[in-house]
Structures are given as structure tokens and as C-alpha cells.
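To keep things clear, I will list the structure first and then write my remarks on it.
Keep in mind that what you see is a predicted model, and the values were worked out from it rather than measured. Just so we're on the same page: letters track the sequence lines, and every chain starts at 1. Only this structure's heavy atoms are used, side chains among them; waters, hydrogens and symmetry mates stay out.
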Protein chains: 2
Amino acid sequence: MEGATVRNIAKEAGLSLGALRHYFSTQEELLIYAMDLVKNQAEQRIYRVIDRKLPPKEMALNMLLELLPTTEETRAEMEVWFSFVAYARHKRAGVHPYEDGLFDGITRMVHSLNKAGYLRDGIDLDAEAERLYALIDGLALHALLAPDRLNQTRLSEIVGNHLDSIWQETPQKD
Amino acid sequence: MEGATVRNIAKEAGLSLGALRHYFSTQEELLIYAMDLVKNQAEQRIYRVIDRKLPPKEMALNMLLELLPTTEETRAEMEVWFSFVAYARHKRAGVHPYEDGLFDGITRMVHSLNKAGYLRDGIDLDAEAERLYALIDGLALHALLAPDRLNQTRLSEIVGNHLDSIWQETPQKD
DNA sequence: GGTTTTATAATACAACTGTATTATAAAATT
DNA sequence: AATTTTATAATACAGTTGTATTATAAAACC
């Protein structure tokens, strides 16, 4: 975040200070724009997974994997996001990266999977959503810090294990 | 992190710039000192839990809870730690908060619990350590961002659920 | 008691920061 | 064609930053 000065951004974009200022009159506008960009890209990746109409468990796994840094692009995105989260804790009023709707989304997914009978009986749905949400963000953070240890294969393994542990393998009806 | 200027720190400590500089000649020394302080305090809390000689599952639960922000003090500590992690990604050479030994510690704990027969048969120990590690750091992050939703009781519930899910309830020998 | 070390303070400095101002081109519009 | 809008650039400004310098008390030491 320290490097995200308006001068650095202008330089990297090949613009002068004045030119950049023509599009973004304050630094905060720039930050909010970058934040929304990352958020929208992640959302679109998720929608694309949904459109693939995979079997439920594969779909859940692939949706969750889109929230983890597995490619150079998503790694960059999530590094930006992570910086924003840390930055927004004590700063600017307009930057709210943790209102990302992720907790709501995962909660809805868990409830929906359960309603369709894919999850084990007797589990606390909200607690499971909280656990899954924490697992995902924790893995995302660790994958950023140790990308070699947590490559795509490994991440898929871990999340897959987790899904297996809450999944109802024998369907209720057939 | 932006507020951690040498002037702010001196003011909060009731010292002049020169006086603070007498103890810490550069800002980096200050940061590293603060980092080590937080790390050592967390370590000591863990050792204190071990000394209580609780039953294995309670001990594991309480050790893990010491890694989460449940009190005003630990919340402050982990906010510092979190800021360091974000800060160190692209900055100062001497600041390495993610070499915290936590992954090794959790891995050792999981292997040790398994060797003592407390964990379910057939689980992938390293993958379980990775999953638990991510769960803890994810919960820590989320508890910082939403302390009302994730209070001590709720955190204990979630981590307890997780331990239950990998625990071998019927002992191998009796 | 004299001297060295430790502690504190005030001030200075060069670099960097976000933002503002001013000046020009180029493009679009009328 | 004239004029307005859009785009770019250079420079300026006030504030903050980390660090350095200098001065002066207090304490420790010999």
C-alpha cells in the first residue's frame, strides 16, 4: 500500500500527474476503483463457474477455488484485496473491502446445498458456513504468503477434503 | 501501519523524537521490536495453557483459542500482527512476520495428537494441519473484522466443531 | 570531584506525499 | 469555422516523513 502513491501509479500507467488526475481527482477514487475492479472480476469468475453446470460438489469446489490465489492474475488481485483490508482498518472512510458479501454468499451456498440434501444431517449450518468462510480466507492468505507450499493442486486437495467432511455421500432419496 | 510514524509513537510514549531515537535508532528497529513482543506474548500464553495440563481435547482447543483475538489485549496484538503481515509483503527486509512458526507448531500438534491415538484413522495428517492452520488464521482475521459476530463463545464453538470432526471419540485402547 | 556514559530535547534537512494551479494541445460539438 | 470540452503536462505548495545534528541535563563510574 505504501507504494500506491499517485506518482507511482501515474508512472506505471505512463501518464503524467495531471493526466491521471484528469480521470481520478483524488487518490481515494483510485483506490475505490481498483477495489471494485478486483471485486467484480472475482464475481464474474464465480458466475462463469455456475454457468458450467457441474455436479454439485464439483461446482462448490470450483466456486470456492475461484476465491483462492491459484494463478498469477488471481494472486495479484488478492494481494490487492488483502492490502485493502489491512489498509482500511484504520483509514479512509470510503474504502470498505471487508463488506465483500463473501460471508453472505458462502452462507447462502451452504444453506442451499443443505436444502438440496447434499450435506450431512445434524450439522449446524451457520457454524459450517463460518468455518468454511474462515478456511477459504485463511487458505487465501497462506497461499499468498507461501505459494510454493499451497499451489493449485494442494489447495484443491484441502478444500476437497473439507467438502468431503461435510458431504452426505449416500443421497437421501434415489 | 500508516499511523506508526516515529513521531506518533514518540508522542504516545510521552517522549521526544530524540529520546525515542536513543532507544531505537531507526524505525525498522521499532517495528521488529514490536513484532517480537507480540510473538513472545502469544508464545507465553500457549505455554501457560500447556502447563494447565488439561485433557487432550480441551488443551488443543485452548491452545488454538490463544491464537484468536478474544480479549481486548489479544485483539490489539493481532491487529499489529496483521498489519505487519500486510506491510512486510513488499517492504523492509528485516520484517518477517509470517515466519512465525505457527504452521510448524500446528503441524507438530496434529502429528502428536495422532500418535497418541486421538485423531480419526485414515486422515491425511499434513493436509489436516494445513486445514486447521488456515481455519485458525481465517477465524483470526474475521474476528478482527467482525468482533461482534465472532466473539469468544462463537469462536470456541467453531474451533470445537472442527476438533470434533477430526477427533477419534472411541479410544483405540481402553 | 571530575569524567564518562546515558537520557532527553529542540531543531534541521532532504525526500516524498496528495492536491492545486496553470498552460497547451487535441478532439468534439455547434 | 468557432467554440467548447476533453486530455495531457509541468510546476507549485504545504504538509509529513525518517533520520541527523547539536545541545543539555542527569546518572553512573572511577
I would like to know whether B/F82 and A/F82 meet ring-ring contact (aromatic ring centres under 6.0 Å, His included); could you show each step before the answer?
CA-CA 10 Å; B/F82 180 50; A/F82 181 50; 5.4 Å; yes

Look at B/Y23 and C/dT8 and indicate whether a side-chain polar atom (N or O) is within less than 4.0 Å of OP1 or OP2.
yes

Could you check how far CG of B/L20 sits from P of C/dA9, rounded to whole Å?
11 Å

Please determine if a side-chain N or O atom of B/H22 lies less than 4.0 Å away from the OP1 or OP2 oxygen of C/dA7.
yes

A/V110 backbone acceptor or donor facing A/N114 side chain under 3.5 Å:
no

Could you give the CZ-to-C1' distance, from A/F24 to D/dT8, as a whole number of Å?
16 Å

Is any side-chain N or O of B/R21 closer than 4.0 Å to OP1 or OP2 of D/dT19?
no

Ignoring hydrogens and geometry, is there a side-chain-to-backbone donor-acceptor pair from B/R120 to B/Q168 under 3.5 Å?
no

Atom pairs under 3.5 Å: protein N/O with N/O of nucleotides 10-14 of chain D:
none

B/Q27 atom CD is separated from D/dT16 atom P, nearest whole Å, by 16 Å

Mark yes or no for whether A/T74, through its side chain, and A/T71, through its backbone, hold a donor-acceptor pair below 3.5 Å.
yes

Have B/S156 and B/Q152 got a donor and an acceptor in their side chains that come within less than 3.5 Å?
no

Between C1' on D/dG18 and CG on B/L31, what's the gap in Å once rounded to a whole number?
12 Å

Roughly how many Å is it from CD1 in B/I9 to P in D/dT19, rounded to a whole number?
11 Å

Is it true that the side chains of A/E157 and A/T153 contain a donor and an acceptor less than 3.5 Å apart?
no

